[in-house]
Amino acid sequence: MRKKRPYAASDYTKNMLPQNRKEIFRDVMQLHWQKLLLLGMVFLLFYTPILLVTLGYDTYTARIYSMLPTLDSTDQYAAIQSVILADIFRSILLIPLLALLSVALSGITRTLRQYAWEENVHIPPDFAKGIRNNFRHTASLAALSGLIYTLCLSV
């Protein structure tokens, strides 16, 4: 059970409120650090598939590169070519995963904007409203950037 905080000796005045962005940032960090940590955990949850795909690709390439000195030149060429194809496949797989990440990003950005403006924040409805308002733009931008990355990588 929480302890009840003691009342202040005097009422708040206008001079006691945050006056600039730095003071607002410190105020939000002191008062709402647990909710900001929760938003970070939500972002990590949505980012986990990208981490797993990257981990799988890195493990595959490390295994191929460790085998390269023992192979002859034609097999080395085939191994390097398989790494390049795996990188292109990974970048194609990242396009829908980036769109999935944009779900969390669109909800979190609205919540953080509300904190920056010192508005009242209740995470579930603000997160859902952020997804409703920003998902199409964020997902299209994420998918477009993933597609451009894939095209640049394949060229």
Side-chain angles (χ1 to χ4, degrees), residues 1-2 18-155:
M1 186 173 250
R2 286 182 156 175
Q19 301 297 320
N20 56 30
R21 289 286 177 186
K22 289 181 183 178
E23 291 177 4
I24 290 174
F25 177 76
R26 280 190 221 108
D27 188 44
V28 168
M29 289 300 290
Q30 286 175 355
L31 295 175
H32 304 287
W33 66 271
Q34 294 148 336
K35 293 177 184 176
L36 294 173
L37 190 62
L38 175 68
L39 290 175
M41 292 296 184
V42 168
F43 188 78
L44 180 64
L45 178 72
F46 279 85
Y47 191 70
T48 302
I50 294 174
L51 284 175
L52 293 176
V53 167
T54 304
L55 179 70
Y57 170 74
D58 288 343
T59 304
Y60 176 74
T61 56
R63 188 175 44 197
I64 294 293
Y65 284 141
S66 68
M67 291 182 346
L68 276 180
T70 62
L71 300 175
D72 60 352
S73 63
T74 57
D75 290 338
Q76 284 180 350
Y77 179 74
I80 291 171
Q81 198 171 25
S82 71
V83 168
I84 292 170
L85 289 175
D87 195 17
I88 292 172
F89 177 72
R90 177 186 62 95
S91 65
I92 290 170
L93 189 59
L94 284 180
I95 294 171
L97 293 179
L98 286 172
L100 177 68
L101 180 66
S102 67
V103 171
L105 193 60
S106 60
I108 289 171
T109 51
R110 164 151 174 97
T111 308
L112 291 179
R113 186 194 72 185
Q114 294 298 100
Y115 277 126
W117 287 353
E118 288 280 302
E119 297 284 330
N120 290 330
V121 176
H122 187 62
I123 290 180
D126 282 332
F127 192 83
K129 190 171 184 180
I131 291 171
R132 276 194 311 272
N133 293 343
N134 302 326
F135 174 69
R136 285 184 291 154
H137 304 294
T138 310
S140 62
L141 186 62
L144 181 65
S145 63
L147 182 65
I148 289 172
Y149 175 74
T150 302
L151 292 175
C152 289
L153 190 65
S154 63
V155 168

Ala99 versus Ala142, closest heavy-atom pair with distance: N-CB, 4.4 Å
task: Please check if atom CZ in Arg136 has more than 12 non-hydrogen atoms from other residues, nucleotides or ligands closer than 6.0 Å.
output: no
message: Once rounded to the nearest 0.5 Å, what's the spacing between atom OH of Tyr47 and atom CG of Leu52?
response: 11.0 Å
message: Does any part of the side chain of Ile123, heavy atoms only, come nearer than 4.5 Å to the side chain of Lys35, both counted from C-beta?
response: yes
statement: Of all heavy-atom pairs linking Ala86 and Tyr57, the shortest is C-CE1, 3.9 Å
- request: Find out whether Val42 and Phe127 are in side-chain contact, i.e. whether some heavy atom of one side chain is under 4.5 Å from a heavy atom of the other.
  value: yes
message: Any heavy-atom pair between the side chains of Arg90 and Val53 that's under 4.5 Å?
response: yes
- prompt: Roughly how far, to the nearest 0.5 Å, is NE2 of His137 from OG of Ser106?
  reply: 10.5 Å
message: Measuring from atom CG of Asn134 to atom CG of Leu105, what distance do you get when rounded to the nearest 0.5 angstrom?
response: 9.0 Å
- prompt: Are any non-hydrogen side-chain atoms of Tyr115 and Leu36 less than 4.5 angstrom apart?
  reply: yes
query: Which heavy atom in Thr61 sits nearest to a heavy atom in Asp58, and how many Å separate them?
result: OG1-O, 3.0 Å
task: Could you go through the side-chain contact (heavy atoms from CB on, under 4.5 Å) check for Tyr149 and Ile95 one step at a time?
output: CA-CA 9 Å; Tyr149 175 74; Ile95 294 171; over 6 Å; no
query: In Å, rounded to the nearest 0.5 Å, how long is the span from CG of Leu94 to CG of Leu147?
result: 12.5 Å
field: From CA spacing to verdict: side-chain contact (heavy atoms from CB on, under 4.5 Å), Asp126, Asn120
entry: CA-CA 10 Å; Asp126 282 332; Asn120 290 330; over 6 Å; no
Minimum-distance pair of heavy atoms, taken over all atoms of Ser91 and Leu153: OG-CD2, 3.8 Å
message: What's the separation between atom CD in Gln34 and atom CG in Leu37, rounded to the nearest 0.5 Å?
response: 8.5 Å
message: So which atom in Pro96 and which in Ile92 form the shortest heavy-atom distance, rounded to 0.1 Å?
response: CD-O, 3.4 Å
- request: List the steps, then state whether side-chain contact (heavy atoms from CB on, under 4.5 Å) holds for Leu68 with Tyr65.
  value: CA-CA 5 Å; Leu68 276 180; Tyr65 284 141; 3.4 Å; yes
- prompt: Taking it one step at a time, do Val28 and Trp33 satisfy side-chain contact (heavy atoms from CB on, under 4.5 Å)?
  reply: CA-CA 7 Å; Val28 168; Trp33 66 271; over 6 Å; no
message: Can you confirm whether Asn133 sits close enough to Lys129 that some side-chain heavy atom of one is under 4.5 Å from a side-chain heavy atom of the other?
response: yes
- prompt: Minimum heavy-atom separation for Ile64 to Ser82, with atom names?
  reply: CD1-OG, 4.3 Å
query: Any side-chain heavy-atom pair from Asn20 and Glu23 closer than 4.5 angstrom?
result: yes
- prompt: Are Pro49 and Leu100 close enough that some pair of their side-chain heavy atoms sits under 4.5 Å apart?
  reply: yes
message: Has Thr138 got a side-chain atom pairing as donor or acceptor with Phe135's backbone, closer than 3.5 angstrom?
response: no
- line: Taken to the nearest 0.5 Å, the spacing of Arg132 CZ from Arg110 CZ works out to 8.5 Å
